[in-house]
Amino acid sequence: MAALPNLLDTTRAYAIRVLAGLDDRPVAGPPTSTSRDPLPVDGVGTAGALKVFERRWDPGFSGSAGPRYLGFVTGGATPAALVGDWLTSTFDQNPTSALDSSAPDLERETVSWLGELFGLGPAHTGTFVTGATMSNTVGLAIGREWLGEQSGVSVSRQGVGALGEITVLSGSPHSSIAKAVSMLGIGRDQLRTVATRPGREAVDPAALAGELAALQGRPAIVVANAGTVNTVDFDDLRAILELRERYPFWLHVDAAFGGFAALSPAHAALLDGLAEADSVCVDLHKWLNVPYDSAVQFTRRQDLQVTVFQNSAAYLGRPTDNPDFVHLTPENSRRLRALAAWFALTAYGVTGHREIVTRNIEAAQRLGRRLSELPGVRLLAPVRLNVVCFAVSTDVNEVVRAVARTGETFITPTVYDGTPALRVAFSNWRTMPADEDRVFAALKSVLT
Ligand SMILES: Cc1ncc(COP(=O)(O)O)c(C=O)c1O
């Protein structure tokens, strides 16, 4: 214990060096081949462990926290979020139950702020989960319980078999939706892909209406997409909501990063109708720039959520009108993920986060324009938000490797509408126009 202040000081100094060195660290690189050490029998102490880590593992870690890591959809950690995350471990709260700490109330406050940020109303309650995959899974689990309610069975008691055939409809679902329906016993084959609008990833409302009509009154789950991963396309939520007047379905919206369009005055209308969704997924380790892992899950039917996830036990208590988090997600004990988000929102407010989001969108738009002028480059969609999706005349995987070898930036491959493509996704708070220039120069050097 006496050594702790010095250890924390040493670690602080090291963390500062790491963060200050982000600009020089190769943004990505093939993992350095590291042979496994034997299990330490007598430990080397914390200072010793830090030295071993710095020597053996630090050099191979990517610069994913930095401004030019543009693969997948990857946020960084703002200073306030990092501080909140450190304190999460320092306080080491378990927000499972409200018997011993006000930590669960901090989570409730944070969730309500986030709901407001994304334009949701008081009808939506929420909880923290590890990521968008888990948020989608929880939303669909509640939807599955709702299907049971429609036909007078309880899935949580009788099992998913009591439902008979289940249909999940979506235009361009993220792969995590297929994973969720697999985990939930619904089955990947029941996820039916609905036709999209011509040349778009947004669902065609007429095609969706046709699929719903074919169910002849049988309730379904519709997964709407608010920001697809390839071209950041948005389903027309208002058109889908109109269908809900005629057909019974649970509307889940995957707004993993598209939810942050709410912060950009020029794009907020893309989310019109979100407040009427039955469940909503938003990732926070993407565009809120809090460290992994963090996402939020919202629903209008917390009662059904409790039915699915309740974990009543003599020592934990039963769910009340204000249920403890232990009754709301697959996890029981867990860390207080809300603290990093609370710090970020408290430190920068809506205005600060709007600045990050709009700066990232402008960066994507500028880079899209510059890339489209390069010979052999073809944008596969307009830059709708923060992602540039483009085809090249050479092998995309080779381009990804060559770009990574520059050490300057990192982008990821995909396939869009059958065409091998590349994605450049901006969601890091550190990315400035000078970084865009470096990214463009690196891409140009590989592509021309
Ligand atoms: C639209 C969408 N949904 C879900 C996910 C899954 O997110 P996570 O990896 O945080 O679980 C992603 C990740 O990129 C996404 O873009």
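Because only heavy atoms are used, hydrogens play no part in the values below, and waters and symmetry mates are left out as well, while side chains stay in. Counting starts at 1 for both ligands and their atoms, in listed order.
Distances below 4.0 Å separate heavy atoms of Ala256 from the following atoms of ligand 1: 1 (C), 2 (C), 3 (N), 4 (C), 15 (C). Heavy-atom proximity to Ser176, at under 4.0 Å, picks out these atoms of ligand 1: 4 (C). Under a 4.0 Å criterion applied to the non-hydrogen atoms of Asp283, ligand 1 contributes the atoms 7 (O), 8 (P), 10 (O). The ligand atoms of ligand 1 that sit less than 4.0 angstrom from a heavy atom of Val229 are 16 (O).
At a 4.0 Å heavy-atom cut-off, ligand 1 touches Asp254 through the side chain alone. Heavy atoms from both the backbone and the side chain of Ala132 come within less than 4.0 Å of ligand 1. At a 4.0 Å heavy-atom cut-off, ligand 1 touches His285 through the side chain alone. Within the 4.0 Å heavy-atom criterion, the part of Phe257 lying near ligand 1 is the side chain and not the backbone.
When only modelled atom types and interatomic distance are considered, Thr78 and Asn289 share no side-chain donor-acceptor pair under 3.5 Å. Side-chain polar atoms of His285 and Asp283 form a donor-acceptor pair below 3.5 angstrom. Under 3.5 Å, the side chains of Thr228 and Asn230 contain no donor-acceptor pair of N or O atoms.
In this structure, atom 13 (C) of ligand 1 lies nearest to the protein heavy atom Lys286 NZ, 2.9 Å. Annotation: atom 11 (O) of ligand 1 to nearest protein heavy atom, Thr133 OG1, 2.6 Å. Looking from atom 5 (C) of ligand 1 to the surrounding protein, the closest heavy atom is His174 CE1, 3.2 Å.
Of the residues listed (Thr299, Asn136, Asp278), the one engaging His252 in a side chain to side chain donor-acceptor pair (under 3.5 Å) is Asn136, and it is the only one. Tested against Arg68 for a side chain to side chain donor-acceptor pair (under 3.5 Å), the candidates Asp435, Thr409, Thr406, Asn428 yield a single pass: Asp435.
Taking a 4.0 Å cut-off on heavy atoms, Gly227 registers as neighbouring ligand 1.
Contact check on Asp58 versus Arg25 returns a salt bridge, with a Lys/Arg side-chain nitrogen under 4.0 Å from an Asp/Glu carboxylate oxygen.
For the pair Ile240 and Val253, the minimum side-chain heavy-atom distance is 4.5 Å or more.
A cation-pi contact, defined as under 6.0 Å to the ring centre and within 45° of the axis, links Arg370 to Phe440.
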